[in-house]
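This report refers to the structure that appears directly beneath it.
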Protein chains: 2
Amino acid sequence: MKDGLAFIAILEALEQASELTELQVLSERLRDYFKVDHLVYHWVSGAGEQYGCGTYDPVWVQRYIEKEYLRVDPVVAGCYQRFHPVDWKMLNWSTKPAQAFQAEAIAHGVGNQGFSVPIRGPSGQFALFTVSHNCDDDTWAEFIETSRRELILVGHYFNQKALEFEPDRAPEAARALSPREVDAMTFLAMGYSRAQVANTLSISEHTLRVYIESARFKLGAANTTHAVARALQHGLIIV
Amino acid sequence: MKDGLAFIAILEALEQASELTELQVLSERLRDYFKVDHLVYHWVSGAGEQYGCGTYDPVWVQRYIEKEYLRVDPVVAGCYQRFHPVDWKMLNWSTKPAQAFQAEAIAHGVGNQGFSVPIRGPSGQFALFTVSHNCDDDTWAEFIETSRRELILVGHYFNQKALEFEPDRAPEAARALSPREVDAMTFLAMGYSRAQVANTLSISEHTLRVYIESARFKLGAANTTHAVARALQHGLIIV
DNA sequence: TATTCCTTCCTCAGAACTGGCGAGGTGTTA
DNA sequence: TAACACCTCGCCAGTTCTGAGGAAGGAATA
């Protein structure tokens, strides 16, 4: 750690932040602390909703949203499937859309190097905390080596604050399912047919249907598949 | 932070650990460092699979697994739905099964206080990093206040190592879906019927069926609902 | 005590999904 | 060039799910 005290000071400022706009300021302060070109927090969830703050060029951010680059961006795709923080070099940039995306990103000032920390929450909540910079591989590797811990920690604090300020997005108050409804959803998520679930739970298929329907209703789902998807996303079932 | 250097030393030992058994030793070392009664890492995923290491009484661990307390434990249920680390006091212990569970846990030496960090990964991976202790509320609150950052960080390092040592459990090498298959799964997870999805993608319903079937095959799923559930769990679609 | 929620059971018709058969075109890669 | 994966389309028969009606007892809560 370069300067433990300066870092702790920023963390404490982050803890005490009480408005979303402060995150913007803090991201600039952190960028200067880490001495990188860009530092970005990017939050993703449900039906393409996004929120972000950081030091990227607003033009680029706008374009990213408009073009739904979310579904092309190898950083998002890669982090979505990894637990560990990811150096951008480890990602798969070889597909055609990914290369076009990369070229455009760099043209908008995004660095050639990057490091992203994936952060996950309940309800399928997913966020990325990213630092990006222009430098050679060795310099970058050394930076990551020394800053890894701080980046992980600060990423989580960012996420915590972002959720705090936007409570609508976080809990989404999915009414809890009854035990039988949980059973039903669980086995359906495991691939059982209705008949199999009914058999497993030793109840009639008609009874099972009642549970599925009430779960569907509680989850605001259009069909069984949708209900199972939402139950999974809300962490209501553990498969 | 009480003793930054001692903590860093443990983190580095954790980084260099090369065997699962070392995690057991390190959890004891960390317990002593934090001066708590218990410190546990508990990993959960797919079809009730579990793995843990830490300082709980093995008898209790055995019983926990046998009785499937995973599905009763308010700590698991609570953390599964939260992003933030959780003080056990914040959880809902009022249901009958939860109270029975709590009584039994305390009888087996688990502390009256507890703090658990939820950790999530791709593929629906979920883990808990917990410290537990016997003391009054004020003492505990003070401990959490001072140790929160370290607990978050060390929990993530633990998880990283646990994944590293058990690679079978982590990636599960779900073959990637083709773009059209991703589209199909995505809209199905959003509750669209087959007809609606076909319409949205401007393809015939039969073509859509081909995608669903091939996605089903790749995901090893028994039916559409199962396929969507797996696609979600593997982070192959972003809904 | 009244109300609400959970659990369990029923039927029937129409809608939706699944499995099996087939076909042809494009693009990448060994 | 051949193999492979991807995208697109069709039909038929059978299975499964959904919607719209019910009914009744027990537990918890206000």
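Worth knowing before you read on, the calculation uses all heavy atoms, side chains too, and leaves out hydrogens, waters and symmetry mates. Every chain is numbered from 1, with letters handed out A, B, ... down the list of sequences. For clarity, every value in this text was computed on a predicted model and none was experimentally measured.
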Take atom CZ of A:R194 and atom C1' of C:dA16, then tell me their distance rounded to the nearest Å.
11 Å
Using a 3.5 Å distance criterion without hydrogens, assess whether the side chain of A:W93 forms a donor-acceptor pair with backbone atoms of A:W88.
yes
Looking only at side-chain N and O atoms, does B:Y211 come under 4.0 Å of OP1 or OP2 in D:dC6?
no
Whole angstrom is fine here: how far is it from CD in A:E181 over to P in C:dT8?
11 Å
When you compare the side chains of B:T186 and B:D183, does any donor N or O come within less than 3.5 Å of an acceptor on the partner?
no
Measure the distance from CD on A:E205 to C1' on C:dC9 and round it to the nearest whole Å.
13 Å
Under 4.0 Å between any heavy atoms, over every strand shown, what does A:T207 touch: base, sugar-phosphate, or nothing? Just pick one.
base
Pick the closest DNA chain D nucleotide for B:S202 and for A:A222 by heavy atoms, then say which residue is nearer the 5' end.
B:S202
Evaluate B:F143 against B:F115 for side-chain contact (heavy atoms from CB on, under 4.5 Å), listing each step before the verdict.
CA-CA 10 Å; B:F143 167 71; B:F115 183 78; 5.9 Å; no
Identify which nucleotide among C:dC17, D:dC7, D:dT18 has an atom closest to any side-chain atom of B:S193, counting heavy atoms from C-beta outward.
C:dC17
Classify the nucleic acid contact of B:T224 as base, sugar-phosphate or nothing, counting any heavy atom under 4.0 Å across all strands shown.
sugar-phosphate
Just by distance, no angles: are the side chains of A:Q113 and A:S132 close enough, under 3.5 Å, to form a donor-acceptor pair?
no
Is A:E213 touching bases, backbone alone, or none of the nucleic acid, heavy atoms closer than 4.0 Å?
sugar-phosphate
From the candidates D:dT8, D:dC6, C:dC9, the one with an atom nearest any side-chain atom of B:P179 is D:dC6
To the nearest Å, how far apart are A:R180 CZ and D:dG26 P?
17 Å
Kindly point out which of C:dT11, D:dT8, D:dC6 is positioned nearest to the side chain of B:K218?
D:dC6
Per atom distances to the A:S178 side chain, the nearest of C:dC6, D:dT8, D:dA20 is C:dC6
Where the side chain of B:H206 is defined as all heavy atoms beyond and including C-beta, which of C:dC17, D:dT8, D:dC11 is the nearest nucleotide?
D:dC11
Option passing ring-ring contact (aromatic ring centres under 6.0 Å, His included) with B:H42 (candidates B:Y64, B:Y80, B:Y69, B:F158):
B:Y64
Measuring from the side chain of B:S204 (C-beta onward, heavy atoms only), which nucleotide among C:dT7, D:dC6, D:dC9 has the closest atom?
D:dC9
Below 3.5 Å, does any donor atom in the side chain of A:R209 face an acceptor in the base of D:dG19, or the other way round?
yes
Between C1' on D:dA20 and CD1 on A:I212, what's the gap in Å once rounded to a whole number?
17 Å
Select from A:L201 and B:R216 the residue whose nearest nucleotide in DNA chain C is closer to the 5' end of that strand.
A:L201
Figure out the CG/C1' separation between B:L208 and D:dG10, and round it to whole Å.
15 Å
